2 protein chains.
Amino acid sequence: MDTVGNTRTGPRPGLRERKKQRTRDALLRAAVELFTTRGYDHTTVDEIAAAVDVSQRTFFRYFSGKEEAALALQAMTVAHFVAAVRARPAHEPPMEALRRAVLDGWDRISEVIEAVVPVELYLRMYRVIESTPVLLAAHLRRSAETEEELARLIAEREGLDVDADPRPRVAVAVFGGVIRVTERLWSTGPDVSLEAMRTLTAEYLDQVGPVLAGDWRVR
Amino acid sequence: MDTVGNTRTGPRPGLRERKKQRTRDALLRAAVELFTTRGYDHTTVDEIAAAVDVSQRTFFRYFSGKEEAALALQAMTVAHFVAAVRARPAHEPPMEALRRAVLDGWDRISEVIEAVVPVELYLRMYRVIESTPVLLAAHLRRSAETEEELARLIAEREGLDVDADPRPRVAVAVFGGVIRVTERLWSTGPDVSLEAMRTLTAEYLDQVGPVLAGDWRVR
DNA sequence: TGTCAACTGTCAGAGGCTGTCATTAGCCTC
DNA sequence: GAGGCTAATGACAGCCTCTGACAGTTGACA
């Protein structure tokens with residue numbers, strides 16, 4: 001099964017495969033639905049399984065744990081983001097490529113998510129993640145893994161050795177740091193629209209340069 | 001009780017307090033000892049409690065969970081780092097203050113840690129954290145909290161409003177991003193000496209400027 | 001010294017997660 | 001289309017983390 005979970009392509013699979021896909025989708029939907037209404041901590045795996053009329057054991061055959069179910073939607077968008085970076089023209093400077101890839105990602109998010117759940121639900125889940133300590137922690141760890149992948153990707157683009165030249169990892173770390181700030185501000189702020197996320201991201205990325213200039217008091 | 005755990009100052013406390021401190025230290029030592037030898041996942045709370053001859057319930061009265069015990073040493077050094085930033089002279093530019101505070105932190109780490117466990121054990125524990133998914137996740141979440149605290153601190157230094165001016169948060173995010181890269185490289189690399197950590201940190205922080213310059217191929 | 005409050009141990013139980021094994025249900029061949 | 005093969009599932013049993021409740025113990029302090 002596709003780890004990321006919802007790539008529907010190729011020839012029509014057999015009944016068995018279709019059934020599995022349906023079960024997984026149903027579990028994911030039920031989980032997100034419950035998480036966003038009752039909260040992550042107040043939702044038990046038994047409840048999720050019961051909502052889909054499946055045994056608890058089966059839930060754990062589709063998801064490595066409660067956590068994975070909660071982060072599955074995120075994983076999908078992240079995968080598309082990485083693909084977008086990979087697709088950027090080679091002549092773009094690294095930071096520029098990363099910047100355009102995220103902003104593009106936010107623009108295309110509906111296409112990716114809507115196949116499984118309404119985007120609105122995805123946005124609500126995003127806030128659950130940000131406000132639930134264990135989920136935030138897991139999310140940050142995954143972000144670290146993504147950063148490693150991106151660093152290798154950037155190094156390749158620029159014809160560098162990731163383990164010899166610090167710049168790819170530093171670039172991605174700087175970028176990732178800013179992205180995480182915007183994620184948190186957006187999810188705790190008043191305007192949770194996609195447009196707000198876009199402008200916030202762009203605005204904050206623009207601040208990296210000024211920040212390095214020593215004296216901030218002169219604006 | 002002090003959350004960070006091991007600030008021994010002020011007048012000599014009563015027998016009860018001293019006993020509590022001893023129990024906590026013993027639990028922490030036992031935990032770290034077991035984590036670094038058997039590994040975090042293969043150590044149960046029962047084993048830690050048994051090693052100190054205390055009930056499992058008591059362990060949970062001193063630490064909110066297994067995780068907190070594993071990150072307690074880290075928490076101590078982080079607290080000292082934040083204090084160091086606070087102590088930097090006001091005329092230093094933000095990034096400079098942060099940089100000097102970390103490097104200072106590494107220099108003084110023995111003074112902070114040695115009161116509880118040998119530094120060597122601390123360094124080994126550091127690597128356990130970095131190589132244990134759940135611990136790394138928790139560590140990253142705490143780092144995010146620290147960043148928020150630092151952002152407020154920097155904003156205050158510079159006479160800015162954290163919620164109005166993006167720069168404090170961006171600065172800290174950039175800094176934190178680089179620090180985390182060095183942490184990971186160091187803990188997975190061949191040379192785990194303190195000196196290696198110091199030079200790695202300095203070297204990588206120096207790369208932030210160059211990274212933002214567009215064309216990397218011209219070195 | 002006796003009372004109070006803090007600390008501890010014991011017990012019971014919820015919830016996440018795993019191994020095992022029997023049963024069910026697609027799939028494929030003859 | 002009957003039967004064998006194998007993947008998927010359900011049903012337990014059990015480990016581990018963590019919490020609440022209650023009773024026993026031990027410093028602190030008048």
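Letters go in sequence order (proteins before strands), and every chain restarts at 1. Note that the coordinates shown come from a computational prediction; the quantities given were computed from them, not determined experimentally.
- Between dG10(D) and Thr58(A), a contact under 4.0 Å exists linking OP1 or OP2 to a side-chain N or O.
- Rounded to whole angstrom, the span from the CZ atom of Arg57(B) across to the C1' atom of dT25(D) amounts to 17 Å.
- In this structure, Arg61(A) places its CZ atom 17 Å from P of dG16(C), rounding to the nearest Å.
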Requested in this report: Using a 4.0 Å cut-off on protein heavy atoms (strictly under), produce a 5'-to-3' string for nucleotides 25-30 of chain C with B for base contact, S for backbone-only sugar-phosphate contact, and - for none.
Outcome: -BS---
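- The number of heavy atoms from other shown groups lying within 6.0 Å of CG (Asp161(A)) is above 12.
- The closest side-chain donor-acceptor pair between Glu183(A) and His139(A) falls under 3.5 angstrom.
- Protein atom CD of Glu68(A) is 16 Å distant from nucleotide atom C1' of dT18(C), rounded to whole Å.
- At whole-Å resolution of the value, CG in Leu34(B) and P in dC16(D) are 14 Å apart.
- Distance, Arg22(A) CZ to dA8(D) P: 14 Å, rounded to whole Å.
- With hydrogens and angles ignored, the 3.5 Å screen pairs no side-chain donor or acceptor of Arg88(B) with any backbone N or O of Leu98(B).
- At a cut-off of 3.5 Å, with distance as the only test, a side-chain donor of Asp191(A) or Ser193(A) sits close to an acceptor on the other residue.
- Taking atom NZ on Lys66(B) and atom C1' on dT19(D), their separation rounds to 17 Å, with Å as the unit.
- Regarding Phe63(B), its CZ atom lies at a distance of 14 Å from the P atom of dT19(D), rounded to whole Å.
- In this structure, CG of Leu27(B) is placed 14 Å from P of dC7(C), rounded to the nearest angstrom.
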Query - Stepwise side chain to side chain contact (heavy atoms under 4.5 Å, CB included) check, Phe35(A) with Lys66(A) - result: CA-CA 10 Å; Phe35(A) 291 157; Lys66(A) 213 170 120 175; 4.0 Å; yes
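- Residue-environment remark: CD (Glu203(A)) exceeds the threshold of 12 foreign heavy atoms within 6.0 Å.
- When distances run from any side-chain atom of Gln56(A) to the nucleotides dT20(C), dT18(C), dC7(C), the shortest one goes to dT18(C).
- Not one side-chain nitrogen or oxygen of Tyr62(A) sits closer than 4.0 Å to the OP1 or OP2 atom of dA8(D).
- Contacts of Thr44(B) with the nucleic acid, taken as non-hydrogen atoms under 4.0 Å apart, involve only primed sugar atoms and P, OP1 or OP2.
- In this structure, Arg169(A) contributes its side chain and Val162(A) its backbone to a donor-acceptor pair below 3.5 Å.
- Ranking dA11(D), dA21(D), dT18(C) by closeness to the Phe60(A) side chain, first place goes to dT18(C).
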